[in-house]
**Student:** 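A single structure is presented below for examination.
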Amino acid sequence: MLQVQFIRQNRELVLERLAVKHFTDAAVVVDEVLALDDQRKKLTLEYDETQAKVNSASKEIGKLMASGDKSGAESRKQEVAAFKQALGPIDEQLRSTEKLLHDTLVRLPNLPGADVPKGRTPEDNLEIRRGGDIPTLAEGAVPHWDLAKKYDLIDFELGNKVTGSGFPFYKNKGARLQRALISYFLDFNTSAGYTEFLPPFLVNEASAYGTGQLPDKEGQMYHMQEDNFYLIPTSEVPLTNVFRDEILKESELPVKITAYSPCFRREAGSYGKDVRGLNRLHQFEKVELVQIVHPETSYQALQEMVSHVEKLLQSLNLPYRILNLCGGDMSFASAQTFDFEVWSAAQEKWLEVSSVSNFETFQTNRMKVRFKDENGKNQLVHSLNGSSLACPRIMATLLENNQTPGGILLPEALHTYFGADRIA
RNA sequence: GGUGAGGUGCCUGAGAGGCCGAAAGGACCGGUUUGCUAAACCGGCGUACGGGUCAAACUGUACCGAGGGUUCGAAUCCCUCCCUCACCGCCA
């Protein structure tokens, strides 16, 4: 959620930035926000002044009663009654204005940062780096879903039977590899200074709202109606909400957290060739990074996270590329996002395995995550997050890219975690 | 799930219709004293939204788990919900 104050002071800049995100009717919505905020201030003043009269009259009544002046008290009561009559409609208007202001404000996406490329579609994303070597596979190389069957690593049909499509069973060495990835990623992150958490996998409504899953992305989450809990689509949700309504000390920044969790996504309406095998699932394993930082250092933190994830991919010897997402392809809440994609050699396409974003104050404004600066003033912190990494697609590319007649050769970093150097 | 007790500021904890944005202590911040550390003493110390101001000072309103209600007036009384704790039941 953008800050009204900021919009008011930087109207032109806001419009210009919103254009980079291809947000239509920006001027209309922005001006509506400003008008509603004016209305809100006016009504607030009116309400406060009337209420102040009620309060002071009530105090007098108390004194009059104490001094035995019953008739004086009675006449003051009449006055109060009149004030209160006036207060009702003002209160009603104020509430509806505040709600409308809020509802309008949340329609505005975050402003893209200065380095965000202009552009509308994924083709306009700016590739900033590549790393690793794209392997040439031997004749007869197959996609991961065939490899999974060949080595008995994943059972998609069994998942269909027990739950439904998009909920695979990992088995044998497949399950072991999945566990190895999670452990390796977590260790890699903690040794870089991230604190390990293991969050709840269900969150309440306030938390789903806090990170912006609600109200607009309602249909993408699984909802437990009985208890009104939501299955987390990413551990970003519980992790960022740790700090909801908190005022941190400046010395506590930056906060760096990593956590494993399964992620649950309904992915309603996405079917077809892109969702085959491990490419897109309703439940998948992921290790996440979250940082809560001083506003002045968030872009530095973003670079640090990007290079951290990059090192992790390098240690897996996977061919990757890093994209600076263009305004049109970024998420609603992000100010800048770098996507990591790895090359799936058998499918011959790039698969997104991580998305690292700076949200600036967009999330923290909604969640009221602040810190006390050296002047004793409360300021919003910046929040960032990124995956390190999404397991299924890493698994898919590891299988495909490293297939040899002698089995699937795993990168050295995983040998101890997996307990072997290959799947054979 | 049942029964009981509770939810007050960063923490502990008082307050039981007006004198309460809230005692006291601790923590924290600033200062004095001090060979260092510690202690002692003095002062400060919630949040949000308004008004006001160059900025302050100052000032209004709201907030004592959440939402309603009673009342001229609610942290305090009533209702609903949420949560916590204890015991019982069930259970990895």
Side-chain angles (χ1 to χ4, degrees), chain A residues 1-9 33-106 198 200-210 214 223-230 238 241-253 255 262 292 361 364-381:
Chain A
M1 187 162 72
L2 295 176
Q3 295 169 267
V4 179
Q5 180 88 336
F6 183 86
I7 297 175
R8 187 176 289 285
Q9 287 164 357
V33 164
L34 295 179
L36 285 165
D37 191 48
D38 285 338
Q39 175 82 354
R40 193 200 103 244
K41 286 189 183 181
K42 189 176 138 251
L43 288 165
T44 301
L45 185 61
E46 219 177 313
Y47 180 91
D48 286 357
E49 282 175 347
T50 311
Q51 184 63 48
K53 288 179 193 163
V54 171
N55 289 345
S56 69
S58 293
K59 278 207 167 118
E60 280 179 46
I61 290 169
K63 285 188 189 128
L64 291 169
M65 299 283 265
S67 67
D69 184 354
K70 285 230 164 158
S71 67
E74 275 312 314
S75 76
R76 299 299 268 150
K77 280 192 195 180
Q78 304 286 315
E79 284 178 37
V80 171
F83 290 140
K84 289 189 79 174
Q85 196 129 44
L87 218 45
I90 300 173
D91 185 37
E92 231 168 86
Q93 279 183 64
L94 182 56
R95 282 180 194 235
S96 68
T97 303
E98 278 175 340
K99 181 172 187 318
L100 195 54
L101 171 60
H102 179 265
D103 291 351
T104 310
L105 196 54
V106 296
L198 203 158
F201 301 155
L202 279 72
V203 294
N204 60 28
E205 199 174 348
S207 295
Y209 178 82
L214 292 180
H223 183 220
M224 318 294 289
Q225 199 149 23
E226 286 272 294
D227 299 292
N228 198 22
F229 291 149
Y230 291 86
N241 272 286
V242 166
F243 303 97
R244 173 154 46 90
D245 294 320
E246 294 291 324
I247 300 175
L248 300 159
K249 292 191 189 119
E250 191 166 352
S251 60
E252 292 176 295
L253 301 176
V255 175
I292 305 288
T361 59
T364 56
N365 184 36
R366 189 188 278 236
M367 280 194 274
K368 297 288 171 273
V369 190
R370 291 155 295 170
F371 75 102
K372 215 169 259 300
D373 68 19
E374 64 264 32
N375 302 319
K377 285 213 160 198
N378 292 332
Q379 272 191 59
L380 294 171
V381 294

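Computed from heavy atoms alone, side chains included, the values below leave out hydrogens, waters and symmetry copies. This structure is a prediction, so every number in the text was calculated from the model and none was measured. Residue numbers begin at 1 in each chain, while the letters A, B, ... track the order of the sequences.
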**Student:** Round to a whole Å and report the spacing from CD of A:Glu49 to C1' of B:G51.
**Tutor:** 8 Å

**Student:** Tell me the partner of B:C20, counting only Watson-Crick (N1-N3 plus N6-O4 or O6-N4) or G-U wobble (N1-O2 and O6-N3) with both under 3.5 Å; none if nothing fits.
**Tutor:** none

**Student:** Rounding to a whole Å, what distance do you find between A:Lys99:NZ and B:G67:C1'?
**Tutor:** 16 Å

**Student:** Who does B:A86 pair with, Watson-Crick or G-U, both distances under 3.5 Å?
**Tutor:** B:U3

**Student:** Can you measure A:Leu64 atom CG to B:G18 atom C1' for me and round it to whole angstrom units?
**Tutor:** 12 Å

**Student:** Using 0.5 Å steps for rounding, measure from the OG atom of A:Ser96 to the CG atom of A:Leu101.
**Tutor:** 11.0 Å

**Student:** Check whether the side chains of A:Ser207 and A:Asn204 place a donor and an acceptor atom closer than 3.5 Å, and report yes or no.
**Tutor:** yes

**Student:** At under 4.0 Å, does any side-chain N or O of A:Asn55 touch on OP1 or OP2 of B:G60?
**Tutor:** no

**Student:** Set out, in order, the CA-CA distance, both residues' side-chain angles and the distance that settles salt bridge (Lys or Arg N to Asp or Glu O under 4.0 Å) for A:Arg95 and A:Asp91, then state yes or no.
**Tutor:** CA-CA 6 Å; A:Arg95 282 180 194 235; A:Asp91 185 37; 3.4 Å; yes

**Student:** Take atom C1' in B:U53 and the same atom in B:U37, then report the distance between them in whole Å.
**Tutor:** 46 Å

**Student:** Rounded to whole angstroms, how far apart are CD on A:Gln51 and P on B:C72?
**Tutor:** 14 Å

**Student:** Salt bridge check, A:Glu79 against A:Arg76: does any charged N sit closer than 4.0 Å to a carboxylate O?
**Tutor:** yes

**Student:** Once you apply the 3.5 Å cut-off to both distances, tell me the Watson-Crick or G-U wobble partner of B:U80, or none.
**Tutor:** B:A66

**Student:** Rounding to an integer number of Å, can you tell me how far A:Arg244 CZ sits from B:U47 C1'?
**Tutor:** 17 Å

**Student:** Heavy-atom nearest nucleotide on RNA chain B for A:Phe229 versus A:Lys249: which residue maps closer to 5'?
**Tutor:** A:Lys249

**Student:** Hunt down the Watson-Crick or G-U wobble partner of B:G52, both distances under 3.5 Å, from any strand shown, or write none.
**Tutor:** none

**Student:** Are A:Glu74 and A:Lys77 close enough for a salt bridge, meaning some N to O gap below 4.0 Å?
**Tutor:** yes

**Student:** Using a 4.0 Å heavy-atom cut-off, does A:Ala57 contact any base of the nucleic acid, only the sugar-phosphate backbone, or nothing at all?
**Tutor:** nothing

**Student:** When you match A:Val80 and A:Ser58 each to their closest nucleotide on RNA chain B, which lands nearer the 5' end?
**Tutor:** A:Ser58

**Student:** Would you measure the distance from the C1' atom in B:C36 across to the matching atom in B:C28 and give it in whole Å?
**Tutor:** 23 Å

**Student:** With rounding to the closest Å, how many angstrom separate the P atoms on B:G21 and B:U61?
**Tutor:** 10 Å

**Student:** Provide the distance between the two P atoms, one in B:G7 and one in B:A14, to the nearest whole Å.
**Tutor:** 9 Å

**Student:** Within this structure, what is the CD-to-C1' distance between A:Gln5 and B:G50, rounded to whole angstrom?
**Tutor:** 12 Å

**Student:** Does the side chain of A:Lys53 get closer than 4.0 angstrom to OP1 or OP2 of B:U61 through an N or O atom?
**Tutor:** no

**Student:** Which one is paired to B:G44, where only Watson-Crick or G-U wobble pairs with both distances under 3.5 angstrom count?
**Tutor:** B:C28

**Student:** Would you please confirm or rule out a distance under 4.0 Å between OP1 or OP2 of B:C72 and any side-chain N or O of A:Gln78?
**Tutor:** no

**Student:** Mind checking the P distance from B:G68 to B:C63? Whole angstroms is fine.
**Tutor:** 11 Å

**Student:** Using OP1 and OP2 only, check whether a side-chain N or O of A:Arg370 sits under 4.0 Å from B:U47.
**Tutor:** no

**Student:** Indicate whether the side chain of A:Asn228 and that of A:Glu205 have a donor and an acceptor atom separated by less than 3.5 Å.
**Tutor:** yes

**Student:** Is A:Lys42 touching bases, backbone alone, or none of the nucleic acid, heavy atoms closer than 4.0 Å?
**Tutor:** nothing

**Student:** Using whole Å, what does the distance between atom C1' of nucleotide B:C49 and atom OH of A:Tyr47 come to?
**Tutor:** 13 Å

**Student:** Hey, is the side chain of A:Arg40 poking within less than 4.0 Å of OP1 or OP2 on B:G50, counting only N and O atoms?
**Tutor:** yes

**Student:** Write down the partner of B:A75 under the Watson-Crick or G-U wobble criteria, each distance required to be under 3.5 Å.
**Tutor:** none

**Student:** Just verifying a value: how many Å separate A:Gln85 CD and A:Ile90 CD1, rounded to the nearest 0.5 Å?
**Tutor:** 11.5 Å

**Student:** In the structure shown, which nucleotide is the Watson-Crick or G-U wobble counterpart of B:U33, with both distances under 3.5 Å?
**Tutor:** none

**Student:** Could you tell me the separation between the NZ atom of A:Lys377 and the C1' atom of B:A56, rounded to a whole number of Å?
**Tutor:** 10 Å

**Student:** Measuring only the C1' atom in each nucleotide, how far is B:C77 from B:G89? A whole number of Å is fine.
**Tutor:** 35 Å

